[in-house]
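Worksheet: one structure, shown below.
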Amino acid sequence: VKRKPFTPLYRCLFILCSVVAAGLSIGIGVLIGKNVRYNQELPNYQLDYNDKIRQMVFDEIQTTNIKKNLHELTVKPHEAGSHQDEVVLVDSIEKTWKSYLDKVEIYPYNVLLSYPNITDPNYVGLLHPNGSVTMKTNFTEKPLVKNEDQPGVVPSFLAYTPSGDVSGDLFYVNYARVEDFEELLKLKVNVTGAICMARYGYIFRGDKIKNAEKFNCVGLVLFSDPYDYGGNSYPNSWWLPPSGFQRGSTQLHGDPLTPDYPALDLTHRIQEIETNLAKIQAQPISYKQAYEYISKLGGAVAREAWQGGMNVTYRLGGSFEHPHKNCKAEIHIGNVNVLKKIHNVIGYIKGWQDPDKYVIIGNHRDAWTYGGLDPSSGTAVVLEVARAIAGLVRDGKWRPRRTLVFCNWGAEEHGLIGSTEWTEQLEKRLLLRAIAYINIDIAVQGNANLWASATPTLYSAIYNTTKVVPNPNIDKISQNRSTVFDTWLYKKARNVNLPPIGNLGSGSDYTTFLQKCGVASVDLIYSFDERIPSYPSYHSLHNTFDYMENFVDPEFKYSKAVAEVAADLMMKLSSLPVLPLSPNDYSAKLKSMFQQFNETNGEFLNANGIHLTNLESTIDQFKEAAEALTNAAEKLNVESSDAEIRVINDRLFEIDRGFLDFKGLPGQQWRHVIFAPASHNSYSASGFPGVTDAIYNLQHSTGTLDEVRQQLSVLSLKILSAADLMKGF
Ligand SMILES: *[C@@H]1O[C@H](CO)[C@@H](O)[C@H](O)[C@H]1NC(C)=O
Ligand SMILES: *[C@@H]1O[C@H](CO)[C@@H](O)[C@H](O)[C@H]1NC(C)=O
Ligand SMILES: *[C@@H]1O[C@H](CO)[C@@H](O)[C@H](O)[C@H]1NC(C)=O
Ligand SMILES: *[C@@H]1O[C@H](CO)[C@@H](O)[C@H](O)[C@H]1NC(C)=O
Ligand SMILES: *[C@@H]1O[C@H](CO)[C@@H](O)[C@H](O)[C@H]1NC(C)=O
Ligand SMILES: *[C@@H]1O[C@H](CO)[C@@H](O)[C@H](O)[C@H]1NC(C)=O
Ligand SMILES: *[C@@H]1O[C@H](CO)[C@@H](O)[C@H](O)[C@H]1NC(C)=O
Ligand SMILES: *[C@@H]1O[C@H](CO)[C@@H](O)[C@H](O)[C@H]1NC(C)=O
Ligand SMILES: [Zn+2]
């Protein structure tokens, strides 16, 4: 037993457990003695993680607690900057965590938040030739069930869009993607100086505004089309009611006044005029009100794919039909920007061996309205995970080798602000010492299967974890789908043996961990499998506890499954002697990304005298280094010293740091050259973003061939840099 390499995960666990058991049974602690020398008072069973410890923590995690947490978190609206969020919930989470974690810290920041002006309502209106405005859209949503009418629900607005009045001809521009505007240009539809109206879906709303600006619109109206969100509506079903609308932010870069730096009191603040915030007026409206506008539009009939779910023929617009022929559309915005204090609550369970290495889990606390799903379903889960793990520590059953960090972020909805400021403040520490970041925003938005997006070194650990978490849908267990993994595989991919894991773009708090600090990251959510952009009540008044309980996770068993996935990942990442990270999965991913990239761009580049041989060869060198590191990790065994193990662990967790370009991707604050938010859709990830953008710019006559060559070389150099980090002496 002693001689056998204890290579990855379960084999290693099994052998270590056998060793521990043997040591205990013959009454001597020689074998494990060397492992505890940093902390002699720890009993033997605290050393590692095994099936038994896992079962204990799974048994600790209770659906009733998650439900109770969610109920308490969602009694009132809790927008960033509000008393309910920054005082009541911060105090309550701090107090709760102080009762069972080793340490709790509050990180406050002074940041620029955006709000509508309650006494100066935002609206979209129909402007008549005589100057009067009719058909003004509603500022607030209609409460439809009890408890939805608490004060403090923020009315309709898009955070950080400027105040002012603007009017013009109205055009319907489908989803306001670049390709939608380009299609209009081909049809000789000129939206210069006009107000455009687009449906939500496909891309980040902030990018819709950027596109509208780029194509010279003076204003943008966004609506949730019933094709994407509607149907037989709430409260009879989970579909968005005609009066509901989606608020949201238009930026994802943290505090606008302190880019790259934490918003502390001593920090210099730039002027608002120097920021990259939206420049045109924009406003979200409900589909009941969108109908009033779409149904009056003149112009050519939009093609089939542009027709939405309302009972009307969608036209491209440019004018209104009789009797509104001489009318224009108007947008009035009264939004104000205010400096406000926001707070992150950070709790710790100290690692017994390596307290300065961090396994981090995070979730945001602030919600646009009640937070039933987004984000309080995640907060309810993270609170329960922290309590359950801390329970094992308190009872002396287990303690991690490395420190567990529980993060409760403020002001995510306004633009990932709490997590961005924190990673900017602790940037060097995270770069050097963070092992992994696990993000849970909305924990559950459906009951079909898990969705995971992650960096490749975590793939294998994620699959292994989901193979030991029971399928929350008991009916399916009898159909041989006994685990979360089985149901994920079944739903997602019938003809392969691993379900797909997505790439990380942006849209939640993992962004700066990966983009600024190169920390291996995963985003977890239990989801639906319908063709819709999000759960229908997303960012609306109806994002409530009732909505969760009636339509999403009535028994909180999907929430429990997400809690178990998170707990298992955290516990193994923080306590297995050799980190469960897989460099070979990164080389496989690079290889497949290369093939895809070559398929899309190879011929075009070839025709321009650019060849991909260097890139291909650096990926091969990465692969060699990854294999060598994997072999070195597999050679570790119970006789390996802590120093020998630590040398390998450092090389395992640092890989993504190699991919950071500290100069930043061109025109972006992002640094990761393999995965970064796509420049035309920040929600999704672009593979090889620097080169991909350079090629796009070249093809759209806004960039040069030389920029493509340069980005290609940066990409190859950073792949070599990541390979270099995996190499030993
Ligand atoms: C809000 O609107 C009211 C009414 O128009 C105005 O008097 C007030 O100055 C506005 N508040 C801010 C902060 O701009
Ligand atoms: C302006 O025109 C609209 C539409 O024709 C009409 O309803 C309204 O009464 C007029 N307002 C004034 C002040 O004339
Ligand atoms: C669109 O209209 C603006 C002025 O209304 C004009 O300056 C611009 O050249 C037009 N663009 C195209 C592509 O026709
Ligand atoms: C808009 O507001 C009006 C007046 O308060 C109300 O009668 C109507 O039901 C609201 N419409 C929607 C779609 O909320
Ligand atoms: C929707 O269209 C159908 C068929 O054209 C029509 O009978 C119905 O009245 C329309 N409903 C609405 C609300 O316009
Ligand atoms: C479950 O698996 C067993 C053994 O592989 C097989 O006999 C049985 O038909 C399967 N049941 C279902 C519902 O697929
Ligand atoms: C996942 O489990 C497989 C099979 O037990 C094992 O070979 C692999 O190393 C595990 N992955 C990680 C990252 O521990
Ligand atoms: C890249 O694509 C070209 C065709 O565009 C093909 O000839 C070549 O074999 C591909 N290279 C690799 C490594 O797949
Ligand atoms: Zn969220």
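For ligands, and for the atoms within them, numbers begin at 1 and follow the listed sequence. Counting begins at 1 with the first residue of the sequence. Side-chain atoms are counted along with the backbone in the values below, which use heavy atoms only and exclude waters and symmetry mates. Owing to the predicted nature of the structure, the values given are computational and were not obtained by experimental measurement.
Residues Phe245 and His539 keep their aromatic ring centres 6.0 Å or farther apart. For Tyr123 and Phe139, the ring centers sit 6.0 Å or farther from each other.
Asn69 places a side-chain N or O within donor-acceptor distance of the main-chain N or O of Ala380, the cut-off being under 3.5 Å.
Atom 14 (O) of ligand 3 has as its closest protein heavy atom Asn190 ND2, 3.5 Å. In terms of protein heavy-atom proximity, atom 13 (C) of ligand 3 is closest to Leu185 CD2, 4.3 Å.
Here His364 contributes NE2 and Asp374 contributes OD1, and at the Zn ion (ligand 9) these two atoms make an angle of 100°, given to 10°.
Within a 4.0 Å radius of atom 9 (O) of ligand 3, the protein has no heavy atom. There is a protein heavy atom less than 4.0 angstrom from atom 2 (O) of ligand 1.
The contact set between ligand 1 and Val336, taken as ligand atoms under 4.0 Å from a residue heavy atom, comprises 12 (C), 13 (C), 14 (O). Heavy-atom proximity to Thr119, at under 4.0 Å, picks out these atoms of ligand 1: 1 (C), 2 (O), 3 (C), 4 (C). Numbered from 1 in the order shown, with element, the atoms of ligand 1 that lie under 4.0 Å from a heavy atom of Asn117 read 1 (C), 2 (O), 3 (C), 8 (C), 10 (C), 11 (N), 12 (C), 14 (O). Each of the atoms 1 (C), 2 (O), 3 (C) of ligand 3 lies under 4.0 Å from some heavy atom of Thr192.
Residue Asp441 approaches the Zn ion (ligand 9) most closely through its N/O/S atom OD1.
A cation-pi contact links Arg177 to Tyr202, judged by a cut-off of 6.0 Å to the six-membered ring centre and 45° from its axis.
One side chain, Gln425 or Tyr109, offers a donor N or O that lies under 3.5 Å from an acceptor on the other.
Ring pair Trp368/His414 is tilted by interplanar angle, where 30° to 60° counts as tilted.
Closest heavy-atom contact between Val166 and Val218: CG2-CG2, 3.4 Å.
Looking at Pro256 and Gln251, their side chains come closer than 4.5 Å, going by heavy atoms from C-beta outward.
Looking at ligand 1, you won't find any N or O of Asp120 less than 3.5 Å from one of its N or O atoms.
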